[in-house]
Undergrad: 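Could you have a look at this structure, given as structure tokens, before my questions?
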Amino acid sequence: MQDLEELYQLVVERKKNPRPGSYTDYLFSKGLDKILKKVGEESTEVVVAAKNNSKDELKYETADLLYHLMVLLVEQNLSYDDIKEELAKREGLMSTTKDRREIEDL
Ligand SMILES: N=c1c2ncn([C@@H]3O[C@H](COP(=O)(O)OP(=O)(O)OP(=O)(O)O)[C@@H](O)[C@H]3O)c2ncn1[C@@H]1O[C@H](COP(=O)(O)O)[C@@H](O)[C@H]1O
């Protein structure tokens, strides 16, 4: 079993201890622009999969995107806890927006 945090930790481990032939090492060696390109590509593939109404494709592309996002976070020295903290801050936000004026189409 591998959850997102375990995947993040695996990427951290690869950065600390590069392993020959590892795709993660390949991304780190190419640098930020390559990682950003992959995040962009994989994001687009998620959009296309959803438009194709294909759950299998969406599942596959989402896993690809999450992996590349974890590589980006590690490259940028953002910890997994940073993201968890940000998400935690948002808990309960719904209740504070219930009186918001309806969003109108332009
Ligand atoms: N989750 C993933 C994961 N998802 C996608 N990918 C790789 O992402 C690449 C995306 O495929 P593409 O066709 O878009 O890219 P490509 O043509 O192979 O290469 P480029 O476009 O980047 O040049 C594939 O090579 C996949 O193997 C991943 N590679 C690794 N992981 C995880 O990271 C762990 C460590 O992997 P290594 O670093 O390779 O040991 C693995 O055990 C997995 O758990």
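What you see is a predicted model; the values in this text were computed from it and never measured. Each ligand, and each atom within it, is numbered from 1 in the order the structure gives.
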Undergrad: Identify, by atom number and element, the atoms of ligand 1 in contact range of Asp64, meaning under 4.0 Å from any of its heavy atoms.
TA: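 Going through ligand 1 atom by atom, the ones under 4.0 Å from Asp64 are 4 (N), 5 (C).
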Undergrad: Looking at atom 13 (O) of ligand 1, would you say a protein heavy atom lies below 4.0 Å from it?
TA: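 Answer no: nothing from the protein, no heavy atom, is under 4.0 Å.
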Undergrad: Starting from atom 35 (C) of ligand 1, what is the nearest protein heavy atom, named by residue and atom, and what distance separates them?
TA: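 It is Leu10 CD2, 3.5 Å.
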Undergrad: With a 4.0 Å cut-off on heavy atoms, is Lys34 touching ligand 1?
TA: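 For ligand 1, residue contact (heavy atoms, under 4.0 Å) with Lys34 is present.
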Undergrad: Kindly work out whether a path of hydrophobic side-chain contacts (I/L/V/M/F/W/Y, heavy atoms less than 4.5 Å apart) joins Leu78 to Leu7.
TA: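 Same hydrophobic cluster.
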Undergrad: Just wondering, more than 12 heavy atoms not from Tyr23 lying within 6.0 Å of its OH?
TA: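 Correct, the count exceeds 12.
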Undergrad: Going by heavy atoms in the side chains, are Asp56 and Lys59 under 4.5 Å from each other?
TA: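 When only atoms from C-beta onward are counted, Lys59 and Asp56 do touch, with a gap below 4.5 Å.
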Undergrad: Considering non-hydrogen atoms of the protein only, which is the closest contact for atom 39 (O) of ligand 1, and what is the distance?
TA: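 Closest protein heavy atom to atom 39 (O) of ligand 1: Tyr23 N, 2.8 Å.
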Undergrad: State plainly whether the residues Lys16 and Glu13 are in salt-bridge range, i.e. N to O under 4.0 Å.
TA: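 Between Glu13 and Lys16 there is no salt bridge, as every charged N stays at least 4.0 Å from the carboxylate O atoms.
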Undergrad: Does Glu6 form a side-chain contact (heavy atoms from CB on, under 4.5 Å) with Gln9? I'd like the steps, not just the answer.
TA: CA-CA 5 Å; Glu6 287 170 335; Gln9 297 306 341; 5.7 Å; no
Undergrad: Looking only at protein heavy atoms, which one is nearest to atom 36 (O) of ligand 1, and how far off is it?
TA: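 For this ligand atom, the closest protein heavy atom is Thr24 OG1, 3.7 Å.
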Undergrad: Look at atom 2 (C) of ligand 1 and say whether a protein heavy atom is found at less than 4.0 angstrom from it.
TA: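 It does: a protein heavy atom is found less than 4.0 Å away from atom 2 (C) of ligand 1.
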Undergrad: Find out whether Leu36 and His68 are in side-chain contact, i.e. whether some heavy atom of one side chain is under 4.5 Å from a heavy atom of the other.
TA: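 Contact flag for Leu36/His68 side chains = no.
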Undergrad: Considering only non-hydrogen protein atoms, determine which one is nearest to atom 40 (O) of ligand 1 and report residue, atom name and distance to 0.1 Å.
TA: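 The answer is Arg14 NH2, 2.8 Å.
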Undergrad: Are Lys89 and Glu85 within salt-bridge range, i.e. N to O under 4.0 Å?
TA: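 Salt bridge: no.
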Undergrad: Counting non-hydrogen protein atoms only, what is the nearest one to atom 37 (P) of ligand 1? Give residue, atom name and distance.
TA: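 Sorting protein heavy atoms by distance from atom 37 (P) of ligand 1 puts Ser22 OG, 3.5 Å first.
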Undergrad: Mark up the atoms of ligand 1 that fall under 4.0 Å of a heavy atom belonging to Glu42, in ascending order.
TA: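 Every atom of ligand 1 under 4.0 Å from some heavy atom of Glu42: 14 (O).
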Undergrad: Right, does atom 31 (N) of ligand 1 have protein non-hydrogen atoms nearer than 4.0 Å?
TA: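 Yes, there is one.
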Undergrad: Do the non-hydrogen side-chain atoms of Asn77 and Lys15 ever get within less than 4.5 Å of each other?
TA: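 Yes, at least one pair of side-chain atoms sits under 4.5 Å.
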Undergrad: Taking a cutoff of less than 4.0 Å between a non-hydrogen atom of the residue and any ligand atom, is Gln2 in contact with ligand 1?
TA: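 Gln2: in contact with ligand 1 (<4.0 Å).
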Undergrad: Do the side chains of Leu10 and Met70 get nearer than 4.5 Å, heavy atoms only?
TA: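 No. Closest side-chain heavy atoms not under 4.5 Å.
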Undergrad: Of the protein's non-hydrogen atoms, which lies at the shortest distance from atom 23 (O) of ligand 1, and what is that distance?
TA: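 Result for atom 23 (O) of ligand 1: Tyr26 OH, 2.7 Å.
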Undergrad: So which bit of Tyr67 gets within less than 4.0 Å of ligand 1, heavy atoms only: side chain, backbone, both or neither?
TA: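 Side chain only.
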Undergrad: Give the contacting part of Val11 toward ligand 1: side chain, backbone, both or neither, where contact means a heavy-atom distance below 4.0 Å.
TA: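 For Val11, no heavy atom sits under 4.0 Å from ligand 1.
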Undergrad: Look at atom 17 (O) of ligand 1 and say which protein heavy atom is nearest, naming residue and atom and giving the distance to 0.1 Å.
TA: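 It is Lys38 NZ, 4.9 Å.
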Undergrad: Treating Asp82 as the side-chain partner and Ser79 as the backbone partner, does any N or O pair qualify as donor plus acceptor under 3.5 Å?
TA: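 It does hold such a pair.
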Undergrad: Counting from 1, what ligand 1 atoms have a heavy atom of Leu7 closer than 4.0 Å?
TA: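 Going through ligand 1 atom by atom, the ones under 4.0 Å from Leu7 are 32 (C), 44 (O).
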Undergrad: Run the numbers for me: atoms of ligand 1, each under 4.0 Å from some heavy atom of His68, listed by number.
TA: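 Under 4.0 Å from His68, ligand 1 has these atoms: 8 (O).
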Undergrad: Taking the side chain as every heavy atom from C-beta outward, state whether Gln76 and Leu32 have any pair of such atoms under 4.5 Å apart.
TA: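 Sidechains of Leu32 and Gln76: in contact.
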